[in-house]
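Single-structure report; data block below.
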Amino acid sequence: MVHRDLKPSNVMVGEFGEVLVLDWGAPGVGTPPFMAPEQSAGDVDGRADVFALGKLLEIVIRGSAAKPLASIRRHATEIDPARRYPGPIELSADVAAWLDHMPVSAHRESIGEWLMRFSSRNKTLLALVAAYLIMRVIVIFWLGR
């Protein structure tokens, strides 16, 4: 895999929502704030791209309170390349899981986070259960008179 000079000015969203890289740059050369630490030594593989993508994600999620996204960003931008996602596909899989309200590999969720994620995925089911319970209370109250 050839490292791309991934930075905000080189990434664009196309007409159909596709992501386009506009400047491929020279292999191993990049923009310092988005470069993996090992890149300056010329030791570049897919994990350098993961680092740059993590830095882009940092910009995208700035101000977000979503802990799983912060965990994904931290995992992607680990200083030690061996601790990062092995490649962009694995990073993409965690972002897609978060978008689908599924657990992400980079984040150990608390019970509260699990409940929030469960409720966001099962709104209809929870609304039906709540409606059923409300009707049961009404019937019990009505018959108890």
Report whether [X] and [Y] are members of the same hydrophobic cluster (ILVMFWY, side-chain heavy atoms less than 4.5 Å apart, transitive linking).
{"X": "V137", "Y": "V129", "answer": "no"}
{"X": "L126", "Y": "L133", "answer": "no"}
{"X": "V95", "Y": "V21", "answer": "yes"}
{"X": "I59", "Y": "V19", "answer": "yes"}
{"X": "V50", "Y": "I61", "answer": "yes"}

Answer yes or no: is there a side-chain heavy-atom contact under 4.5 Å between [X] and [Y]?
{"X": "P8", "Y": "L56", "answer": "yes"}
{"X": "T77", "Y": "K55", "answer": "yes"}
{"X": "R117", "Y": "W114", "answer": "yes"}
{"X": "M102", "Y": "R121", "answer": "yes"}
{"X": "P37", "Y": "F51", "answer": "yes"}
{"X": "R47", "Y": "Y85", "answer": "no"}

With the threshold set at 4.0 Å, does a side-chain nitrogen-carboxylate oxygen contact exist between E38 and R84? yes
Nearest heavy atoms of [X] and [Y], plus distance in Å:
{"X": "E113", "Y": "E109", "result": "OE1-CA, 3.1 Å"}
{"X": "A106", "Y": "S71", "result": "O-CB, 3.4 Å"}
{"X": "A36", "Y": "A48", "result": "CB-CA, 3.9 Å"}

Euclidean distance, [Y] [atom2] relative to [X] [atom1], rounded to 0.5 Å:
{"X": "S64", "Y": "E58", "atom1": "OG", "atom2": "CD", "value": "12.5 Å"}
{"X": "W142", "Y": "M135", "atom1": "CH2", "atom2": "CE", "value": "10.5 Å"}
{"X": "F34", "Y": "S9", "atom1": "CZ", "atom2": "OG", "value": "8.0 Å"}
{"X": "S92", "Y": "L53", "atom1": "OG", "atom2": "CG", "value": "9.0 Å"}

L20 CG: over 12 foreign heavy atoms closer than 6.0 Å: yes
When you look at CD1 of I89, are more than 12 heavy atoms from neighbouring residues, nucleotides or ligands closer to it than 6.0 Å?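 Check fails, neighbour count at 12 or below.
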Could you tell me whether the side chain of [X] and the main chain of [Y] form a donor-acceptor pair under 3.5 Å?
{"X": "H75", "Y": "R83", "answer": "yes"}
{"X": "N10", "Y": "L6", "answer": "no"}
{"X": "D49", "Y": "P88", "answer": "no"}
{"X": "T31", "Y": "P33", "answer": "no"}

Partner of D94 under side-chain contact (heavy atoms from CB on, under 4.5 Å), chosen from L99, L69, V104: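 By the side-chain contact (heavy atoms from CB on, under 4.5 Å) criterion, D94 pairs with just one of L99, L69, V104: V104.
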State which residues pass ring pair (Phe, Tyr, Trp, His ring centres under 6.0 Å) with H107; sequence neighbours excluded, sorted by chain then number. none
Residues two or more places apart in sequence or in another chain: which of them pass side-chain hydrogen bond (donor to acceptor under 3.5 Å, both in side chains) with R108?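 By the side-chain hydrogen bond (donor to acceptor under 3.5 Å, both in side chains) rule, R108 matches no residue at all.
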